[in-house]
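Sequence lines set the chain letters: A, B, ... in the order given, protein chains first and strands last, and positions in each chain run from 1. Because the structure is predicted, anything quoted here is derived from the model rather than measured.
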Amino acid sequence: GSEEDTSTENTGNGGDSGEATEESSNISVAMVTDVGGIDDKSFNQSAWEGLQKFGEENGLEEGDGGYAYLTSTSDADYTTNLNNLARRDFDVVYGIGALMQGAVEEIASQQEEQQFAIIDEVVELPNVASVMFKEQEGAFLAGVAAALMTETGKVGFVGGMEIPVIERFEAGFKAGVEAADPSVEVDSQYTGAFDKAELGKTTANRMYSGGADIVFHAAGGTGNGVFTEAKERKEADPEANIWVIGVDADQYDEGQIGDQNVTMTSVLKGVEMAVIEIAEKTQAGEFPGGETTVYGLAEDGIGLADSRGAIPEDVMTQIEDFKQQIIDGEIEVPETVE
Amino acid sequence: MSNRATNLLVPIISVLLGLLVGAIIMVVSGYSPIEGYVALWNGIFGDLYTIGETLRQITPYLLAGLAVAFAFRSGLFNIGVEGQLIVGWFAAAYVGVAVELPKIIHLPLALLAAVVAGALWGFVPGLLKAKFRVHEVIVTIMMNYIALHTTNALIRTVSGGGDRTESIFESASLRSEFFQNLTDFSRLHYGIFIALAMVAVMWFILEKTTLGFELKAVGFNQNASEYAGMNVNKNIILAMVISGAFAGLGGAMEALGTFEYVSSKGGFTGIGFDGIAVALLGMNTPLGVVFGASLFGSLKYGALNMPNEAGIPVEIVEIVIAVIIFFVASGYIIRLFLLRAANKKEAK
Amino acid sequence: MEYVIEMLNIRKEFGSFVANDNITLQLKKGEIHALLGENGAGKSTLMNVLFGLYQPEGGEIRVRGEKVNIANPNVANDLGIGMVHQHFMLVENFSVTENIVLGSEPTKFGVTNKKDAAKEVQALSEQYGLNVDPHAIIEDISVGMQQRVEILKTLYRGAEILIFDEPTASLTPQEIIELIQIMKRLIAEGKSIILITHKLKEIMDVSDRVTVIRKGQGVGTVTTSETNPNELASLMVGRQVEFKTEKGPASPNGEILDIKDLVVTDYRGVEKVKKLNLKVRKGEIVGIAGIDGNGQSELIEAITGLRKVKSGKVLIHGKDVTGLKPRKVTESGVGHIPQDRHKHGLVLDFPIGHNIALQTYYAQPISKSGIIDYNKINEKAAQIIKDFDVRTQGPHEPARALSGGNQQKAIIGREVDRNPELLIAALPTRGLDVGAIEFIHKRLIEQRDNGKAVLLISFELDEVMNVSDRIAVIHDGEIVDIVTPEETTEQELGLLMAGQSKNSKEQGVKKEGEDQHVE
Amino acid sequence: MSFLEVLYFIVPSAIFYAAPLILVALGGVFSERSGVVNIGLEGLMVIGAFVGILFNLLFADQFGGLTPWLALIAAMVAALLLSLVHAVASISFRADQVVSGVAINLLAIALALYLVKRIFDKGQTDFITERFQRYDSFGLSDIPFIGPRLFSNVPDFSDIPIIGPMFFSQVYMTSVFAIAMAFVAWFVIYKTPFGLRLRSVGEHPMAADTMGINVTRMRYVAVMISGALAGIGGAIYAQTVTGDFGHATINGQGFMALAAMIFGKWHPLGAMGAALFFGLAQSLSIAGSSIPFIEDVPNVFLLILPYVLTILALAGFIGRANAPKANGKPYIKGQR
Ligand SMILES: Nc1ncnc2c1ncn2[C@@H]1O[C@H](COP(=O)(O)OP(=O)(O)OP(=O)(O)O)[C@@H](O)[C@H]1O
Ligand SMILES: Nc1ncnc2c1ncn2[C@@H]1O[C@H](COP(=O)(O)OP(=O)(O)OP(=O)(O)O)[C@@H](O)[C@H]1O
Ligand SMILES: [Mg+2]
Ligand SMILES: [Mg+2]
């Protein structure tokens, strides 16, 4: 495993990389995950993949002076982990996830020489680069796809907790459905949790039983239950028109059932890309401190995953059409549900 | 061997056995236990910063442990410390952001809010137990979930749809510049003194007051307590209320010290459940809780450094903790062993 | 003569404490052999060794001449040894049948065959005249029936040798008579019995021989017909014991307790005390005689505030205390030695010192504004321990570790020391040895002589007759008559207690028997 | 949704939700009826879930459709072994049973996650491919082997009006199994000599001892049964709900099972009833958002509904519960 290779040295080799930016073009980068860990099949994972890719491209090694990560076991650990990495002189330390906002703010204001980045939230400090995503734009396209693909005229949205980022998904999804086919109904429900698969399953069950045939989830582990329900239905009746739209990463694997698949597509968040971009800018001496970079469809930071044929060509064209309109600013996707 | 000596030896031996089991697992998995434990040690005592953070981590454990222990001493099993802590956290944070007042008023007010919220959350199961004989274990489990969802909703309301409140005003904060300078910007805060004061408070209540006498009596034998003119129902409610108050204060430590805000929670903090282990490690006595919380807090915090410094998963430390608890609980067998050893020595 | 059981030089240690030191006991076939000794002398320990619950540190046991090793109760069962324990070994929420067959249940296809089991129990109970209801639940039946269940348990397992550890301590006189008959019948069936009891009268009545032990050591074995109660008592205690406590005539003056038309129900709502009237005056001891279950417990609990009163009044010193909380009742001058010392009387896990303070911990001088002074508690406890001869290592010893007699002395010390105007003593001597009984009776009379009132509840006619100045007989929740010990006999009391009517004479106190009617 | 539709949704979901809880709560009943408090149910479930998923992933290729069932056996054995730790501590070492249970909970999750990291080199396992089948219309013809031959023409139970869609649609064999186990447990505990002895040991161990019953052995057996049942419950949960194993797979279900056991007054059928009640309350809260009138209340009220309902039910009409008398007390020969 990758973990064993982590260098055990505390001091020494990484020590000079921070100061001497001019001579060495190579910089070191590290990130702190939230409790999900680097293999959450979601944005912690994408972020880590980003760091790995950046590292490999620049010939870095995992460990001090190269690229590294720390996992948090509770939200009290964020500060400790950020601090730890900062002390090990990584050039940029990323806090992955909105929950880390407070911690990044705190440590960044203590260590003004250190460069930080935060994903999904804004920290207004000169030594912090903030990254935001327009989740609503991706969700909008998912809504369009759902509205055009539904056979029952009804689609569902399962949310985790009622927090702004999830609400952006909901708002975008609803707007997309509305734009593509106003007659399609959206059945929307929050389960109040990201880790209660049984609630996701029961909620999806209610939605499918109530006539919805496509359910979009933005509910983390709770969404596992949504997939389970869809797969069981598909297994019982392979002809059934039952679909799930995944979130954050391409959730195609989660949808596999025998040789069928219930994943229609997934709303992708380009965390990987954003992480790399910040690293590259820093390397070029242009660390975007104090700035907030917003990634949307236009920046290719948000998008839909390959549907692997689930969505036919003609629908894809319409989706592309909407996408262009959003990029062109003709459609302004709302961030909150009215 | 004197009783006192064995009482001290049992936890020490348990800790050693726990570490031994951890070492064996590390060896079997191909890790170096020496590197692992050096990393653990550094994670706890490595420098001033980690020492500060370790103490910071111990603070809420102290209060959660007191809460569990206090209820236990009155014959009640409070699994609801988690929920009481969450509502205390919210209440303190809310007072911390809602108004700005002179520190001398604001800070006590925020602490009081947490105490009241936690006490209220303990009052419900206490009342139901006293009036309807409903088992406190079920009610407290349910109250945990209610606390979680309710505070999340309240945070949403307070923050205008967001997922966390603003940071509290300085005037409600427990943070200490002195400690920060001393410990290289750790989050160690004045709450540690509050927690230790509460250890004394619990000791005082149990050992020095008539209330404590009554609570202990009710915990042991309700019939005899009633015979002796004690109000059993009042004592049950009071025990839960005080226990909840300790827990609520534990939440205030997070709200006013560690985080200085409250955010929506996807799940339980775990501090309340760990409080059960802390209390039981400490045999439900106030001083024991100090031991339990220190051990628990240090190991949990120090464990973070193991993947960082030695590439060993943190779960190793969790296993070690579980084994230690197991042996402390099985103190009887260790005592027996010590006794035999002592006898053998005498025989020689 | 052949011995069925020989326990030779048995030694049993608990840690450094020697509970049995070289004790020898030999049981002949077909005899009732009494085992006598003070509380804590080691009787139960010896019998638990015989029954396989404890392993002895020394000595040997022979059964029918053969040396045996009784490793556990199963072995004892196989050897035909059965034991009726001092504290009943019954599962309270099981039926009579379930308790009896437990461990050797008849089955049909692996399922407990309850029908057959009940039939067997029924048959067995008829064979030995042990009347039980096979389907009743233990917690619903009388102590006497529970006792019979215990005996049936041993018989069901084919016991030939029966050990009875204080079987009569909690039985009513009627039940004791029945039990004695049962024992005689068992002997007639060829069984042998070891009987532990503190009641010398019973020993004289039924036993063939007596083995006496004192402080863990054997004193010797005597033949019953060649001895007398006085000799037995001095053998066991090591000094002369007075059986009938000397007391002068009472000089009552002024009413202290006045119960008017009291009605009390049990937890099911059944009336247990029915329009009961009773007065107790200063300077007298009123004994309540009656068979267990005739409303005594409910009466006491109602007076002391532990139970709700349905109607009627309780006045103390003319002050209405009906429905007041226990503490208020206590503070109006009532002391209460409760019937069940483990359930109500003591917090067993508390030190004995705390227990002695159980009624006074909250007030001056022990507590001041909510702060308790444990030094004062311990001082006070030490004094009471001394005054009431409580044998303990000191106030810090857990109450659990004291023997029953000493636990009782501590309770009595606690209640008497407060000098209450009215002392309610419920079964104050249950399970105690003669020495301890003597001591307690003296204390009760002392209270009376100091001008206090005592209400004594007892199932033992001896005790009621010896100690009381007046005897109120309770039957089915009513006082059916009030008599003085001088004017009545045990036979007459027995009849009254059983509900037989008798023309009552006026007993100094006004119209007590007005609404007495007996079915 | 119409009223009937609500019922058609709520009842099957409740049964589905309850199935693992029933089994775990039954485990609790066995253990506590013998006098051993088992707070470690959560941990035993964790091990069951982990081993169940692991087995499923490793052996799906060999065993095909049978895999999930065999995984239950594997999970049962694993949890049984872990429960032995609790048994040794609380029975032989006279440990405080609550402490030992807490240790089991900590140990189980740590051990499982540690192994996941060692085996999969990531925080959670892959997804299983072999799952339990769901019968959307259940009837005699669904009985394995003989069903299709004998009853292929018999209409399914689910065709019965009203009752059918409620109880015989969306049927999982695991739910049938759980409910059947509740009756088996009831039978064992109340109808067999074993059950009688088990209860006697939990009520009055010394009495049982004098009757020649080996208290220690009974308690060991009871704790092992509780481990076995909790393990199966965990594996059912993981295989029917999440499909993988990670740190949040089992989070709180063990405690809910504990609550169900107490709610059900330590009685197997009571525990089953309580688990079904939890399931009903839970699905009611999910159905709520589509029931007229209710749909407009703030979501938080629906989220807390199951828990509030439980408390109300307890306070209102369930009343006091009496635990087995010797529950939680180590049996020490000769001590009163
Ligand atoms: N389990 C035990 N552990 C320690 N000491 C014990 C234990 N059981 C009995 N003893 C000691 O042995 C002595 C004898 O106890 P035992 O129960 O045999 O008395 P007894 O003669 O039956 O008294 P009683 O008449 O009150 O029933 C006691 O004084 C006590 O100190
Ligand atoms: N846990 C214990 N530790 C030490 N001694 C004990 C313990 N349990 C019992 N004993 C001893 O057992 C002895 C037996 O006394 P005993 O309790 O028989 O009084 P008792 O008359 O039987 O009580 P009761 O009136 O309730 O029947 C006591 O002297 C006591 O010291
Ligand atoms: Mg005895
Ligand atoms: Mg006795």
As an exercise: rank C:Leu348, C:Thr154, C:Asn93, C:Val91 by heavy-atom pairs under 4.5 Å with chain D and give me the winner. C:Asn93
Does the side chain of C:Ser403 come within less than 4.5 Å of C:Arg391's, by heavy atoms? no
Can you say whether C:Leu90 sits under 4.5 Å from chain D via the side chain, the backbone, both, or neither, judging by heavy atoms? backbone
I'd like to know if C:Asp165 pairs up with C:Lys43 as an ion pair, taking the criterion as any Lys NZ or Arg NE/NH1/NH2 lying under 4.0 Å from an Asp or Glu carboxylate oxygen. no
C:Phe51 versus chain D, heavy atoms under 4.5 Å apart: side chain, backbone, both or neither? side chain
If you count heavy-atom pairs under 4.5 Å between each of D:Met211, D:Arg199, D:His204 and chain C, which one has the most? D:Met211
Given a strict heavy-atom distance threshold of 4.5 Å, which part of C:Asn113 is in contact with chain D: side chain, backbone, both, or neither? neither
Could you list the residues that satisfy side-chain contact (heavy atoms from CB on, under 4.5 Å) with D:Val37, not counting sequence neighbours? D:Glu32, D:Ile39, D:Gln97, D:Val98, D:Asn327
How about C:Gln407 and C:His342: does a side-chain donor come under 3.5 Å of a side-chain acceptor? yes
In chain order, what residues pass the ring-ring contact (aromatic ring centres under 6.0 Å, His included) check against C:His344, with sequence neighbours excluded? none
So for C:Thr45, is it side chain, backbone, both, or neither that comes closer than 4.5 Å to the heavy atoms of chain D? neither
With a distance cut-off below 6.0 Å to the six-membered ring centre and an angular limit of 45° from the axis, does D:Lys329 pair with D:Tyr331 as a cation-pi contact? no
Engaged part of C:Asn77 at the chain D interface, taking heavy atoms whose separation is under 4.5 Å: side chain
Toward chain C: residues of residues 188-198 of chain D with heavy atoms under 4.5 Å: D:Tyr190, D:Lys191, D:Thr192, D:Pro193, D:Leu196, D:Arg197
Given D:Ser100, D:Ser226, D:Ser31, the one that forms side-chain hydrogen bond (donor to acceptor under 3.5 Å, both in side chains) with D:His86: D:Ser100
For D:Leu70, enumerate each residue passing the side-chain contact (heavy atoms from CB on, under 4.5 Å) test, keeping only those at least two apart in sequence or located in another chain. D:Phe55, D:Phe63, D:Leu66, D:Ile73
The interface call for D:Asp209 against chain C, heavy-atom contacts under 4.5 Å, is both
Presence of salt bridge, C:Arg11 and C:Glu13, under 4.0 angstrom: yes
Test log, rule ring-ring contact (aromatic ring centres under 6.0 Å, His included), inputs D:Tyr172 and D:Phe177: CA-CA 9 Å; D:Tyr172 295 80; D:Phe177 173 70; over 10 Å; no
